[in-house]
Amino acid sequence: MKILVTGGAGFIGANFLNHLVPKHPEHTFVNLDKLTYAANLASLEPVAKADNYRLAVIDLVDFDGVDRAFAEHEPELVIHFAAESHVDRSISGPRAFIKSNIEGTFNLLEACRKHWEPGQGLFHHVSTDEVYGSLGDEGMFVETTRYDPSSPYSASKAASDHLVRAYARTFGLRTRITNCSNNYGPLQFPEKLIPLMVLNALEGKPLPVYGEGLNVRDWLYVIDHCEAIWKVVHEGEDGQTYNIGGNNEVRNIDVVKEICAVVAEQTGKSRGELEGLITYVKDRPGHDLRYAIDATKLRTELHWEPTETFSTGLRKTIRWYLDHPTWVQQVRTGEYRKWIEKNYDNRG
Ligand code: NAD
Ligand code: TYD
């Protein structure tokens with residue numbers, strides 16, 4: 001099968017391709033990516049030369065480019081990862097989120113409509129639990145929870161989910177949507193909580209925790225997410241939504257303390273000194289208090305189970321960052337440095 005994977009040079013997309021391209025020589029995987037600041041071709045080194053892998057550098061906002069990619073590669077399955085993905089960036093500059101996440105998804109759907117007859121092809125949309133908004137101390141998100149996004153990022157993902165459902169109902173496009181909780185693992189860009197804290201801890205820099213650190217996220221190891229998507233693509237039902245989560249609810253402050261403990265364990269640094277780097281900074285505006293996913297549908301209908309606990313996944317992740325200093329060095333230069341200096345330095 002010819003599979004078009006958008007955003008394959010980003011964190012989850014690259015893990016997905018590195019995990020699945022070697023396992024499936026019978027499929028061809030075309031990675032359509034604009035190569036934004038968040039992309040890194042070095043992340044795709046394990047598959048770059050594989051016979052069943054191709055790269056198409058295209059911006060989803062450019063419909064003609066997307067159209068040409070469809071004409072050239074004739075995909076039968078689209079797995080749509082590409083998006084602007086960082087909440088803090090969506091607060092400091094929301095426009096790129098509207099463009100890539102809403103207009104980009106729209107262009108991709110239009111290309112499917114143009115190149116596929118109704119009933120042909122399959123569009124898998126990779127979305128987030130953030131579309132459901134914030135939970136209080138109780139309850140969990142299920143597939144029917146009302147949409148109530150808080151940030152420009154989550155609002156743009158909600159809009160893209162709506163477009164996907166509309167194309168299914170109106171044009172008969174075969175679609176599936178997955179809404180997943182927070183991912184972590186190798187290759188994650190160090191603006192997100194876990195890699196940011198790991199690298200700052202290694203460099204003896206402050207560990208900036210928003211508010212009082214009491215916000216809760218439900219962490220899932222990235223390969224467990226990729227396996228869930230692959231299962232839904234092959235065994236799921238058209239028109240259905242599946243929530244993906246790992247039952248790993250942790251308060252941010254406990255995530256950061258656990259990172260200090262594991263970094264200390266793996267480097268011989270003092271855990272107490274690392275914890276001393278924790279700095280409470282001004283809270284994020286519109287900061288959702290708690291996310292928690294009920295993944296019963298995926299577990300019971302498709303028999304998916306995550307393989308990593310937060311403890312095993314975090315150890316693997318930190319080991320990966322320690323073992324890949326060149327990758328880290330590359331992403332921490334240039335545009336990343338400038339953005340971090342402008343937005344994340346001197347927070348108080
Ligand atoms: P990322 O920011 O690491 O990577 C995004 C990729 O998309 C990059 O390679 C970038 O170049 C590409 N891209 C962005 N705009 C594009 C455009 N206009 N045209 C073509 N390519 C473009 O993101 P990620 O963390 O890997 O997330 C991937 C997807 O998974 C996103 O849709 C995100 O909403 C969703 N998701 C992420 C998480 C998470 O915790 N990271 C959780 C649930 C869902
Ligand atoms: P993040 O990794 O940005 O993911 P999301 O906002 O999509 O959940 O943040 C995870 C949690 O960590 C979130 O509650 C915000 C918090 N956070 C901090 O406390 N400090 C930081 O420097 C960052 C980036 C996030």
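Every value quoted in this text rests on a predicted model; they were computed, and no experiment measured them.
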Would you say the ring centers of Phe141 and Tyr132 fall short of 6.0 Å from each other?
yes
Atom of Tyr321, atom of Pro195 and distance for their closest heavy-atom approach
OH-CB, 3.5 Å
When you look at CD of Glu212, are more than 12 heavy atoms from neighbouring residues, nucleotides or ligands closer to it than 6.0 Å?
no
Verify the neighbour count for atom NZ of Lys269: are there more than 12 heavy atoms of other residues, nucleotides or ligands below 6.0 Å?
yes
Please determine, by modelled atom types, if Glu130 and Tyr291 share a side-chain donor-acceptor pair under 3.5 angstrom.
yes
Taking everything shown except Glu26 itself, do over 12 heavy atoms lie less than 6.0 Å from its CD?
yes
Please check if any side-chain donor atom of Asn252 sits under 3.5 Å from a side-chain acceptor atom of Tyr210, or the reverse.
no
Asp224 side chain to Thr307 side chain, donor-acceptor N/O pair below 3.5 angstrom:
yes
Polar contact flag, side-chain donor to acceptor under 3.5 angstrom, Ser181-Trp219:
no
Test item: side-chain donor near acceptor, His115 and Glu74, under 3.5 Å:
no
Could you work out, with salt bridge (Lys or Arg N to Asp or Glu O under 4.0 Å) as the rule, every residue matching Asp67, not counting sequence neighbours?
Lys114
Do Val78 and Val232 land in one hydrophobic cluster if side-chain heavy atoms of ILVMFWY residues count as linked below 4.5 Å?
no
State plainly whether the residues Arg315 and Glu258 are in salt-bridge range, i.e. N to O under 4.0 Å.
yes
Is it true that Glu265 and Arg271 make a salt bridge, defined as a side-chain N closer than 4.0 Å to a carboxylate O?
no
Please, which pairs that meet salt bridge (Lys or Arg N to Asp or Glu O under 4.0 Å) have at least one residue in residues 143-166, sequence neighbours excluded?
none
Who are the side-chain hydrogen bond (donor to acceptor under 3.5 Å, both in side chains) partners of Thr178, not counting sequence neighbours?
His124
CA sep, side-chain torsions, deciding dist, call: Tyr147, His162, ring pair (Phe, Tyr, Trp, His ring centres under 6.0 Å)
CA-CA 10 Å; Tyr147 276 32; His162 290 322; 5.0 Å; yes
Pairs touching residues 45-58 that satisfy salt bridge (Lys or Arg N to Asp or Glu O under 4.0 Å), sequence neighbours left out
none
May I ask you to check whether Asp283 and His287 show a side-chain donor-acceptor distance below 3.5 Å?
yes
With sequence neighbours excluded, what pairs up with Tyr221 under the ring pair (Phe, Tyr, Trp, His ring centres under 6.0 Å) test?
Tyr184
ILVMFWY network linking Leu314 to Val216, side-chain heavy atoms under 4.5 angstrom:
no
Residues two or more places apart in sequence or in another chain: which of them pass side-chain hydrogen bond (donor to acceptor under 3.5 Å, both in side chains) with Arg251?
Asp254
Residue set satisfying side-chain hydrogen bond (donor to acceptor under 3.5 Å, both in side chains) with Arg319, at least two apart, ordered chain then number -> Asp323
Any non-hydrogen side-chain atom of Ile278 less than 4.5 Å from a side-chain atom of Ile253?
yes
Tyr167 meets the ring pair (Phe, Tyr, Trp, His ring centres under 6.0 Å) criterion, sequence neighbours left out, with Phe171
Under the side-chain hydrogen bond (donor to acceptor under 3.5 Å, both in side chains) test, which residues partner Thr105, sequence neighbours left out?
His80
Can you confirm whether the side chains of Lys192 and Ser85 place a donor and an acceptor under 3.5 Å from each other?
yes
Joint cluster assignment, Tyr280 & Leu214, ILVMFWY side-chain distance < 4.5 Å
no
Provide the full list of salt bridge (Lys or Arg N to Asp or Glu O under 4.0 Å) pairs with a residue in residues 302-313, sequence neighbours left out, each pair given once.
Arg299-Glu305, Glu308-Lys316
Against the six-membered ring of Tyr37, is Arg89 placed for a cation-pi contact (under 6.0 Å from the centre, within 45° of the normal)?
yes
Polar side-chain atom of Asn179 near backbone of Thr128 as donor-acceptor pair, under 3.5 Å:
yes
Going by atom types alone, do Ser160 and Asn101 pair a side-chain donor with an acceptor below 3.5 Å?
no
Show the numbers, then the answer: is there a side chain to side chain contact (heavy atoms under 4.5 Å, CB included) between Gln120 and Glu76?
CA-CA 8 Å; Gln120 223 192 344; Glu76 299 153 272; over 6 Å; no
Does any non-hydrogen side-chain atom of Trp320 lie less than 4.5 Å from one of Leu187?
yes
So the ring pair (Phe, Tyr, Trp, His ring centres under 6.0 Å) pairs with at least one residue in residues 232-275 (sequence neighbours excluded) are Trp230-His234
For Asn31 and Leu55, indicate whether the former's side chain and the latter's backbone hold a donor-acceptor pair under 3.5 Å.
no
Who clusters with Leu289? Use side-chain heavy atoms, under 4.5 angstrom, across I, L, V, M, F, W and Y, and order the result by chain and number.
none
Find out if a path of hydrophobic residues (ILVMFWY) with successive side-chain heavy-atom gaps under 4.5 Å connects Val222 to Val262.
yes
Is it true that Glu103 and Lys99 have a side-chain N and a carboxylate O under 4.0 angstrom from each other?
yes
